[in-house]
Amino acid sequence: MTRWSEFYVHTTREVPSDAEVISHQLMVRAGLIKKLAAGIYTYLPLGWRSVAKMAAIVRREMDAAGAVELSMPAIQPAELWQESGRWQRYGKELLRMRDRHDREFCFGPTHEEVVTDLVRRDVRSYRQLPFNLYQIQTKFRDEIRPRFGLMRGREFLMKDAYSFGATEAQLDEAYEAMRRAYCAIFAACKLEYTMVEADTGTIGGSSSHEFMVVAQTGESAVVSCPCGYGANVEKAESRLAPAVAAEEAPEERRAVPTPGKSSVPDVAAFLGVPPERVVKTLIYETEKEFVAALVRGDREINEVKLQNALAADHLALASEEKVERLTGAALGFAGPIGLPAELRLIADESVRELRNFVCGANEADTHLVGVNWGRDLPLPPVADLLLVAAGDPCPRCGAPLQLSRGIEVGHIFKLGTKYSEAMRCHFTDETGAERPMIMGCYGLGIGRTVAAAIEQNHDADGIVWPLPLAPFEVLLVTLNAADEETRRVADELHARLGALGIEVLYDDRDERPGVKFKDADLVGIPLRVVVGGKSLAAGQVEISHRRDRAKEAVPVAEGLQSILARLAAEGRKTPA
RNA sequence: CGGGGCGUAGCUCAGCUUGGUAGAGCGCACGGUUCGGGUCCGUGAGGCCGGAGGUUCAAAUCCUCUCGCCCCGACCA
């Protein structure tokens, strides 16, 4: 029973200057969220209702999948993070603080440490396994660059679940149950999504999948194939395109002047060779060492793959000054021959079959041509470091891969024993042996999913809520609030719908029709019921759907039934 | 962290180059008008020009520092 005049909604015509993506713009304009600081938002009443609906759907499906809800502290002691090793590794994204006794804490960005600590204190035997604990809670990650409103906030609501089992089979079972639950959740939200293979990042573990809502504004790039293969580009593999000139006889190696030609396309054009015949040498820096990574000139390095191959915690391109010091030449003239020993060499598969290739000479304005593995230098250790591009052959079926963008709304991991070993979360098995528990972890961004839903469900005039996430189910609008008959009919409809448990927002404001219609479109409640002079004169109210705007005038007496029928058609379980 | 930009009314922004009494539109208040797609007209309130220091007779405007925000890149579930 909510009247707009007594509620707290403030819509605006103007788009805030910092809102780039449509979901952010609409959430601000429709009065769903309000920014307090960079990446930190107040959920306004309308927005909070949608977030609460999202959370309820998640709870329902998690409970159905056998997970058990609890709530862990947001503030966590540093010791736990030191124990897992992530206090050092997690970096600046971890918001750290000290209490009055100068003890170190962090605001939890995730809860592996806390939940593992909890479980190791309580659980001793395989007979107490498996189980899956989840919570819906505010996290904080001090993102380098928060943006896009709720899509990439620093403070955000997340559902995180952690499964504990005694065997790999129990982990597989929990993982599968979560996969199904996620599918059910995103289907319930009427979202178009895909599940793709993913890198495990700082969370760690053996295998993981991401749930991506398809959107051009998505921050993640994913490759997909009609055969069913799908992966985050960070993880994606492809079959190798054939190397050029694999059968050529070796030529003489020569140094040639290439004044000012520092990019692969420039060098290739200048020397009259295809870029595929150039070996690109990129100098990276990790926390341990400098690395020269080789990739074929027409391709790019996948830095996530490189970081994994190097088992490094941090990886970044070396600065220009460092490159000059290490290679003895300006940026763009580095090559694998004659580098200082302190540089570790690693090559992508794409360079393995090259013959008579071109590379930098580690000398100003000079490249080497006619270079061959074995004769001129040994082939360095080879790994898959390739950033997959659109059109590359699918690793499973060979068909050209497609590249698209998505919003990562869920991520499930098989953690294995990474945390249980580090934190000695052990149990006793049937044979009396002590073993680490086998864990999984399953994240789902609540606010981000709501934002993604808007990204996928809007038009030029505003949000078009899918019914399950809509802050209200019905928007009841009076066009002339001063008219007694109008008010009487609307008040009665409002009361009756409310009595049936239908969530109605009653726009009883004394505003011009245009204002109320614009607000109705912007706020995007699925079903709109208008009580106004024109139709009321004929004894009717007007019912319309936000999505297709199809209007129908129905007699006042039949209004209630018509509304219930339409909600039922949208999948709402109507009261008897 | 590197590069770029912006902080002036509640919001979106002019004014700054060339220093001289603070502006517009929207929103808000009041009066009239209008009344099924952000009516129209009038009146009014509202600003330590992000903060500190400096130059100057005089600073929103020039200089220095600082804080905050935004964009691009690198980073991340």
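Small disclaimer: the values here were computed from a predicted structure and weren't measured. To find a chain, count down the sequence lines: A is the first, B the second, and so on, and within it residues start at 1.
- Ring centers of Phe413(A) and His411(A): under 6.0 Å apart, within the cut-off.
- A gap of 7 Å separates the C1' atoms of rU55(B) and rC63(B), to the nearest Å.
- A gap of 30 Å separates the C1' atoms of rG54(B) and rC13(B), to the nearest Å.
- Phosphate proximity of rC11(B) to Thr12(A): absent, as no side-chain N or O sits under 4.0 Å from OP1 or OP2.
- As rounded to whole Å, 14 Å separates atom P of rG73(B) from atom CD of Glu300(A).
- The existence of a salt bridge linking Arg487(A) and Glu484(A) is excluded, since no basic side-chain nitrogen approaches an acidic carboxylate oxygen closer than 4.0 Å.
- Comparing rC76(B), rG37(B), rC70(B) against the side chain of Glu143(A) picks out rC76(B) as the nearest.
- A cation-pi contact, defined as under 6.0 Å to the ring centre and within 45° of the axis, links Arg96(A) to Trp87(A).
- Remark: Glu558(A) pairs with no residue by the side-chain hydrogen bond (donor to acceptor under 3.5 Å, both in side chains) rule, at least two apart or across chains.
- Annotation: salt bridge (charged side-chain N to carboxylate O under 4.0 Å, His left out) contacts involving residues 531-544 of chain A, sequence neighbours excluded, comprise Arg528(A)-Glu542(A).
- Minimum atom distance to the side chain of Glu20(A) is reached by rC72(B), of the listed rG37(B), rC72(B), rG38(B).
- Heavy atoms of Arg509(A) sit nowhere under 4.0 angstrom from any nucleic acid atom.
- Nucleotides rC35(B) and rG20(B), compared at atom C1', are 50 Å apart to the nearest Å.
- We find that CZ of Arg512(A) is positioned 5 Å from C1' of rC35(B), with the value rounded to whole Å.
- Here rC71(B) is the nucleotide among rC71(B), rC70(B), rU34(B) with the atom lying nearest to any side-chain atom of Arg145(A).
- As judged by a 4.0 angstrom heavy-atom cut-off over every strand, Gly443(A) is placed among residues making no nucleic acid contact.
- Picking from rG37(B), rC70(B), rC76(B) the nucleotide with the shortest atom distance to the side chain of Lys35(A) gives rC70(B).
- Of the charged side-chain nitrogens involved, none lies within less than 4.0 Å of a carboxylate oxygen, so that Glu112(A) and Lys418(A) do not count as a salt-bridged pair.
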Q: Would you mind building the protein contact string for nucleotides 28-33 of chain B? One character per nucleotide, 5' to 3', B for base within reach (heavy atoms under 4.0 Å), S for sugar-phosphate only, - for untouched.
A: ------

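- Rounding to whole angstrom units, CG of residue Leu479(A) and P of rG38(B) are separated by 13 Å.
- No contact: Asp160(A) has no heavy atom under 4.0 Å from any strand.
- Mapping Leu522(A) and Met151(A) onto RNA chain B by nearest heavy atom places Leu522(A) at the nucleotide closer to the 5' end.
- Closest to the side chain of Pro16(A), from the set rU34(B), rU12(B), rG38(B), is rU12(B).
- Sorted by first and then second residue, the pairs that involve residues 26-38 of chain A and meet side chain to side chain donor-acceptor pair (under 3.5 Å), not counting sequence neighbours, are Asp18(A)-Lys35(A).
- The partner of rG44(B) is rC28(B), by the rule that a Watson-Crick or G-U pair needs both atom distances under 3.5 Å.
- Comparing the same atom, P, in rG68(B) and in rC62(B) gives a spacing of 23 Å after rounding to whole Å.
- The side chain of Ala38(A) lies closest to rC70(B), out of rG36(B), rA74(B), rC70(B).
- A 3.5 Å limit on both hydrogen-bonding distances identifies rC6(B) as the Watson-Crick or G-U partner of rG68(B).
- Across the strands present, rU39(B) finds no partner; the criterion is a Watson-Crick or G-U wobble pair with both atom distances under 3.5 angstrom.
- Contact annotation: Arg147(A) side-chain N/O to rC72(B) OP1/OP2 distance is under 4.0 Å.
- When rounded to the nearest whole Å, the span between CZ of Arg549(A) and C1' of rG36(B) equals 14 Å.
- Taking atom CG of Leu315(A) as the reference point, atom C1' of rG73(B) lies 15 Å away to the nearest angstrom.
- For the P atom pair drawn from rG50(B) and rG10(B), the interatomic distance equals 13 Å after rounding to whole Å.
- Every side chain to side chain contact (heavy atoms under 4.5 Å, CB included) that Arg3(A) has, sequence neighbours left out, goes to Ser5(A), Glu6(A), Asp491(A), His494(A), Tyr506(A), Asp508(A).
- Considering only residues two or more places apart in sequence or on other chains, Ile438(A) meets the side chain to side chain contact (heavy atoms under 4.5 Å, CB included) condition with Glu168(A), Leu171(A), Thr417(A).
- Nucleotide rC1(B): paired with rG73(B) (Watson-Crick or G-U wobble, both distances less than 3.5 Å).
- One C1' atom belongs to rC57(B), the other to rG42(B), and the distance between them is 42 Å to the nearest Å.
- Between rC75(B), rG36(B), rC72(B), one nucleotide has an atom nearer to the side chain of Ser535(A) than all others, and that is rG36(B).
- Nearer the 5' end of RNA chain B, as judged by each residue's closest nucleotide, is the contact made by Ala316(A), out of Arg448(A) and Ala316(A).
- Residue contacts shown for Asn480(A) are absent, as no nucleic acid heavy atom lies under 4.0 Å away.
- For rA9(B) and rG5(B), the C1' atoms lie 23 Å apart once the distance is rounded to whole Å.
- Contact annotation: Ser17(A) reaches the phosphate of rC13(B) (side-chain N/O to OP1 or OP2, under 4.0 Å).
- Taking only side-chain atoms of Val515(A), from C-beta outward, the nucleotide of rG37(B), rU39(B), rC72(B) with the closest atom is rU39(B).
- Rounded to an integer number of Å, the gap from NZ of Lys518(A) to C1' of rC26(B) is 15 Å.
- Summarising the local packing, CZ of Arg325(A) is surrounded by more than 12 heavy atoms from other residues, nucleotides or ligands at distances under 6.0 Å.
- Contact annotation: Lys34(A) does not reach the phosphate of rG10(B) (side-chain N/O to OP1 or OP2, under 4.0 Å).
- For the pair Met212(A) CE and rC76(B) C1', the interatomic distance rounds to 12 Å; values are reported in whole Å.
- Nucleotides rC75(B) and rG7(B) are separated by 27 Å at their C1' atoms, to the nearest Å.
- Contact annotation: Arg13(A) side-chain N/O to rC26(B) OP1/OP2 distance is not under 4.0 Å.
- Considering every non-hydrogen atom in both Asp199(A) and Lys235(A), the closest pair reads N-CB, 3.8 Å.
- Phe211(A) comes within 4.0 angstrom of nothing in the nucleic acid, heavy atoms only.
- When the nucleotides rC72(B), rG36(B), rU12(B) are ranked by their closest atom to the side chain of Glu14(A), rU12(B) comes out on top.
- For Asn232(A) and rC76(B), the CG to P distance is 12 Å, given to the nearest whole Å.
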